[in-house]
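Just below is one structure, and these are the notes that go with it.
Bear in mind that the values here come from a model prediction, so they are computed numbers and not experimental data.
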Amino acid sequence: MSARDDLPVVRTLDELAELVERHRGLYVRWSCGPEIDCREVSSTDDLTGVPLPGLSANPLGVEAWWQDRPVRVWVARRLHDYAHLPHDKGPGVHPWVLAGLEAARGPDNEPLVTEVRPMCWIDQQVIDEAKGEVARQENPWGPLRRG
């Protein structure tokens with residue numbers, strides 16, 4: 001059985017928000033999954049090919065300045081910002097949640113995470129909900145897509 005089969009799947013944005021409220025040090029990573037990523041726990045800088053000392057990921061933890069605003073909106077934004085990656089990176093790329101320690105920062109100032117512990121997959125429905133949540137906010141917001 002693969003790591004993909006062993007991980008639970010988060011199926012709603014509320015479920016993911018609850019996970020973020022219960023645990024510290026969570027990140028989302030968009031890749032082919034922990035089975036591949038945890039072999040070497042290293043990412044590669046796309047521009048230069050330089051190996052990086054950890055997995056490139058984005059933090060899900062809520063910052064103090066967010067105060068008492070909804071965690072659901074925070075998490076939706078974190079997912080929405082990178083929802084273009086499956087299209088850009090190719091087939092098999094999906095979001096998954098991991099716990100770990102930030103070892104360094106990558107070339108886009110993203111955390112590079114070591115001591116990785118896979119937590120769960122994020123279902124496409126959660127991404128769709130995140131896009132809808134962001135669209136309902138007062139101000140327009142687009143993904144952090146280059147190009």
Item to check | Stepwise side chain to side chain contact (heavy atoms under 4.5 Å, CB included) test for Asp46 and Lys89 | outcome: CA-CA 11 Å; Asp46 287 341; Lys89 298 276 185 184; 2.7 Å; yes
Which heavy-atom pair separates [X] from [Y] by the least distance, and what is that distance?
X: Val93; Y: Pro86; result: O-CB, 3.5 Å
X: Gly33; Y: Trp121; result: CA-CH2, 3.5 Å
X: Val41; Y: Thr114; result: CG1-CA, 4.1 Å
X: Ser42; Y: Leu55; result: N-CD2, 3.7 Å
X: Val75; Y: Ala17; result: CG2-CA, 4.2 Å
X: Gln125; Y: Arg11; result: CG-O, 3.5 Å

Checklist entry - Which is it for Ile122 and Leu79 under the side chain to side chain contact (heavy atoms under 4.5 Å, CB included) test, yes or no, and what are the steps along the way? => result CA-CA 10 Å; Ile122 300 174; Leu79 294 177; 3.8 Å; yes
Rounded distance (nearest 0.5 Å) linking atom [atom1] of [X] with atom [atom2] of [Y]:
X: His94; Y: Cys32; atom1: NE2; atom2: SG; result: 7.5 Å
X: Trp96; Y: Leu7; atom1: CH2; atom2: CG; result: 8.0 Å
X: Arg69; Y: Glu63; atom1: CZ; atom2: CD; result: 13.0 Å
X: Cys120; Y: Asp6; atom1: SG; atom2: CG; result: 13.5 Å
X: Leu60; Y: Met119; atom1: CG; atom2: CE; result: 10.5 Å

Contact check, side chains of [X] and [Y], non-hydrogen atoms, under 4.5 Å:
X: Leu26; Y: Leu19; value: yes
X: Arg117; Y: Pro34; value: no
X: Tyr27; Y: Pro111; value: yes
X: Leu112; Y: Ser56; value: yes
X: Leu47; Y: Pro107; value: no
X: Val20; Y: His23; value: no

Is the backbone N or O of [Y] less than 3.5 Å from a side-chain atom of [X], with the two atoms forming a donor-acceptor pair by type?
X: Glu129; Y: Leu13; result: yes
X: Gln137; Y: Ala135; result: no
X: Arg136; Y: Gly132; result: yes
X: Thr48; Y: Val50; result: yes

Checklist entry - Counting only heavy atoms not in Glu21, do more than 12 sit closer than 6.0 Å to its CD atom? => result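 Count over threshold, so yes.
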Out of curiosity, does [Y] fall in the hydrophobic cluster containing [X] (side-chain heavy atoms, cut-off under 4.5 Å, transitive links)?
X: Val28; Y: Leu101; result: no
X: Tyr82; Y: Val73; result: yes
X: Val9; Y: Leu98; result: yes

Checklist entry - Mind checking what makes side-chain hydrogen bond (donor to acceptor under 3.5 Å, both in side chains) contact with Glu102, not counting sequence neighbours? => result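 Checked Glu102 against side-chain hydrogen bond (donor to acceptor under 3.5 Å, both in side chains); matches are Arg105.
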Next on the checklist: Applying side-chain hydrogen bond (donor to acceptor under 3.5 Å, both in side chains), can you list everything that pairs with Asp37, at least two apart in sequence or on another chain?
Outcome noted: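 Asp37 satisfies side-chain hydrogen bond (donor to acceptor under 3.5 Å, both in side chains) with Arg29, Ser31 once adjacent residues are dropped.
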Next on the checklist: Looking only at the aromatic ring of each residue, does the gap between the centers of Trp74 and Trp65 stay below 6.0 angstrom?
Outcome noted: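 Yes, the ring of Trp65 comes within the 6.0 Å limit of the ring of Trp74, centre to centre.
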Item to check | Residue pair Val10, Asp123: steps toward the side chain to side chain contact (heavy atoms under 4.5 Å, CB included) verdict | outcome: CA-CA 6 Å; Val10 170; Asp123 190 79; over 6 Å; no
